[in-house]
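Following: one structure in structure tokens, then a few remarks.
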Amino acid sequence: MQVSFTGSLQAGRAAKTIGRIKVVGRWRGVDEPASEADRRALLRDLAREAEDYGADALIGVRFEAEETAECDGVSLRRLVASGSAVQITIAA
């Protein structure tokens, strides 16, 4: 699956947008940083989700952190990955 962190595909290929999707990671303490392995796992999950919708690629992929109020005295955060699932258009 082709993944782009910009709003377009490599070499300006045309694509039909299926929709915006997102996946969320596990809650963790605010002091526990997200690792590169966490980001790779979320990207893999996002690609699987896109494939379930028949997508060939993801564009506009981004990572964000969501925080919640304290739970039993601990502030929590989770990493969220989102992007647009698209089907690559094949020129006639």
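The list of salt bridge (charged side-chain N to carboxylate O under 4.0 Å, His left out) pairs with a residue in residues 16-27, not counting sequence neighbours, reads Lys22-Glu66, Arg26-Glu32.
A pairwise comparison of heavy atoms in Asp56 and Gln87 identifies OD2-CA, 3.4 Å as the closest pair. Contact record, Val61 with Phe5: O-CD2, 3.2 Å, taken as the closest heavy-atom pair. Closest heavy-atom contact between Met1 and Ala47: CE-O, 3.7 Å. Contact detail for Val80 and Leu42: the closest heavy-atom pair is N-CD1, 4.3 Å. Of all heavy-atom pairs between Ile59 and Gly7, the closest is CD1-O, 3.5 Å. Taking each heavy atom of Arg77 and Val30 in turn, the nearest pair found is NH2-CG1, 3.1 Å.
Rounding to the nearest 0.5 Å gives a distance of 9.5 Å between CG of Leu58 and OG of Ser4. With rounding to the nearest 0.5 angstrom, the CG atom of Asp38 is 10.0 Å from the CZ atom of Phe63. A distance of 4.0 Å separates CD1 in Ile21 from CG in Leu46, rounded to the nearest 0.5 Å. Here the straight-line distance linking atom CZ of Arg40 with atom CG of Asp45 works out to 13.0 Å at 0.5 Å rounding. Atom OG1 of Thr6 and atom CZ of Arg62 lie 13.5 Å apart (nearest 0.5 Å). In this structure, CG on Leu76 lies 11.0 Å from CZ on Arg28, to the nearest 0.5 angstrom.
With sequence neighbours left out, Glu36 forms a side-chain hydrogen bond (donor to acceptor under 3.5 Å, both in side chains) with no residue at all.
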